[in-house]
Protein chains: 2
Amino acid sequence: MAARKSSSTVIELASANPGTERLLGELRRRIVCHELPPGARLREQDLANEFGVSRARIRETFGILEERGLIERIPNRGAIVTRLEADKVKELFEVREVLEAQMVRLATEKAPPETWDALIELFGPSMDETLARNDFDAYAEANYQFRRQCIAAADNEVLSNLLDSLYDRTQVLIRRLVLVPGRAQEGIRQHRGILAAMRAGQAEEAERLKRANIRDARDWFTNYQKYLL
Amino acid sequence: MAARKSSSTVIELASANPGTERLLGELRRRIVCHELPPGARLREQDLANEFGVSRARIRETFGILEERGLIERIPNRGAIVTRLEADKVKELFEVREVLEAQMVRLATEKAPPETWDALIELFGPSMDETLARNDFDAYAEANYQFRRQCIAAADNEVLSNLLDSLYDRTQVLIRRLVLVPGRAQEGIRQHRGILAAMRAGQAEEAERLKRANIRDARDWFTNYQKYLL
DNA sequence: GGCGGCAATATTGTCAACAATTTTGACAGC
DNA sequence: GCTGTCAAAATTGTTGACAATATTGCCGCC
């Protein structure tokens, strides 16, 4: 189960400035993969030293991270990585449910049907063996490819940014959820259905199935909450 | 048609710091109501002088405004208010469509039916007279109330923040769209239908109607684009 | 008159120092 | 031993100054 550097969502948006980009991207990465766990304190001077920049730039970066919901700042007390409460996770799922469904719908409407053949192959029978080997990295990578290609086909920057932001906040949970016995198999099964609808150009059906898929993920999460949070 | 200070969306989130809150809130207000029109240049020193703070705080505020999509920053060239292109508007509508529909669904599911009686009264026959008088402020205020009460009932902070952010970016367009002959009447009609479904506890039907409502608004916008942008 | 180069000005990018506030740790009293 | 008090240290909040870059205005030249 070699660590793969897959699934790194990238949000371009904020200032093309190369230095700021590196700083923001690296902090985002550490938070998203729990290298900086929820509740971890972020000291401005420490980070300034490590990245070789002044505290002013750290503070500006903190502003953006807070806006994205990745950290929380308390006046005069500093910044900590946002803790994920169970109800906040529920809220995130309620929003993902409709946004990912819309992503699939738009992708189906805007891209030619053969676009999805590669993904159908990726989610094909070979994926069953992959899962049988407990190769969760390969499974996560497949899900990542699905997201990326849908986002690209949906051709909607606003939607793309929102989904990336939501994904950042739930990425760790999703990776843990995959470990629950049976969840990955069910996820595969559902994605095959979604892709079949997309291949057939049935945008509305694909949207409905994707929505059901996220709702189901939320239900699994609720059931295994105590193991996942 | 006295100017009313209604419809000011408030995003609490960012740093409870009172000074920053004032700065961010005021800049947001000026951008949203086009007191600072799209393309307007924002000079750091000018704003620093006006608000009596240092440029560092202006810059941190700029980072947040850029993250919200309200301004764009070009390295070494400064910040300008984001211009709304026609395709960006289309993207915003594609996202609003599903988020507002979900808002209505969740509100219907989570709040008791009698919650909506006040809004049903507000959108009742008296609103026809209001529109006959071309009192668009009162109409905008009613729409604002609908939003606020749904948001409150939906009880989902993530959704609330996203909707506020989207609304900030389209607020001016919506206010202009109301001027198009017939649009306001149609909006009222559709909201009566949505509220009826909500009162009856038909969450799914309310969601469907709200979605159709936003799609319709998008279509009107497309048709009258040249007058609105 | 129009155009390119060049200096003067204006604006943004970065930083290090100082002030205000919170946290830490030592110490006396019960 | 526990607790409250107070000074020391650490951390955040804020600022003004300096460097780098872009814009503006001037002047000679074609």
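Being a predicted model, the structure only gives us computed values, none of them experimental. Computed from heavy atoms alone, side chains included, the values below leave out hydrogens, waters and symmetry copies. The sequence lines fix the lettering, A, B, ..., with proteins before strands; numbering per chain opens at 1.
- Contact between the side-chain N/O atoms of R77(B) and the OP1/OP2 oxygens of dA22(D) is not found at any separation under 4.0 Å.
- Scanning residues 36-50 of chain A for heavy-atom distances under 4.0 Å to DNA chain C yields an empty list.
- Rounded to an integer number of Å, the gap from I80(B) CD1 to dT11(C) P is 16 Å.
- In this structure, the CD1 atom of I58(A) is 17 Å from the C1' atom of dT14(D), given to the nearest Å.
- With sequence neighbours excluded, no residue forms a side-chain hydrogen bond (donor to acceptor under 3.5 Å, both in side chains) with R169(A).
- Of the inter-residue distances, the one linking M198(B) atom CE with C150(B) atom SG reads 4.0 Å to the nearest 0.5 angstrom.
- Here the nucleotide nearest the side chain of N76(A), chosen from dA22(D), dG13(D), dT23(C), is dG13(D).
- Remark: R29(B) engages E26(B) in a salt bridge, criterion side-chain N to carboxylate O under 4.0 Å.
- The aromatic rings of Y227(B) and Y224(B) sit tilted, their planes meeting at an angle between 30° and 60°.
- By the 4.5 Å heavy-atom criterion applied to side chains, L23(A) and I58(A) are counted as neighbours.
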Check: protein-nucleotides 16-18 of chain D nitrogen or oxygen pairs below 3.5 Å:
none

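- The distance from atom CG of L23(A) to atom P of dT14(C) is 10 Å, rounded to the nearest whole Å.
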For residues 86-98 of chain B, which side-chain N or O atoms pair as donor and acceptor with protein atoms under 3.5 Å away, sequence neighbours left out?
residue, atom, partner, partner atom, Å
K88(B), NZ, E157(A), OE1, 3.1
E91(B), OE1, E157(A), N, 2.8
E91(B), OE1, V158(A), N, 3.0
E91(B), OE2, E157(A), N, 3.4
E94(B), OE1, N156(A), ND2, 2.7
E94(B), OE2, K110(A), NZ, 3.4
R96(B), NE, E100(B), OE2, 3.0
R96(B), NH2, E100(B), OE2, 2.9
E97(B), OE2, R211(B), NE, 2.7
E97(B), OE2, R211(B), NH2, 3.2
E97(B), OE2, R215(B), NH1, 2.7

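- F62(A) places its CZ atom 10 Å from the P atom of dG13(D), with the value rounded to the nearest Å.
- Rounded to whole angstrom, the span from the CD atom of E60(B) across to the P atom of dT12(D) amounts to 13 Å.
- For the pair I74(A) CD1 and dT21(C) C1', the interatomic distance rounds to 14 Å; values are reported in whole Å.
- Under the ring pair (Phe, Tyr, Trp, His ring centres under 6.0 Å) criterion, Y139(B) pairs with no residue at all, not counting sequence neighbours.
- With F62(B) as the aromatic partner, R73(B) does not meet the cation-pi criteria of under 6.0 angstrom to the ring centre and within 45 degrees of the ring axis.
- Looking at residues two or more places apart in sequence or on another chain, you find no side-chain hydrogen bond (donor to acceptor under 3.5 Å, both in side chains) involving Q225(B).
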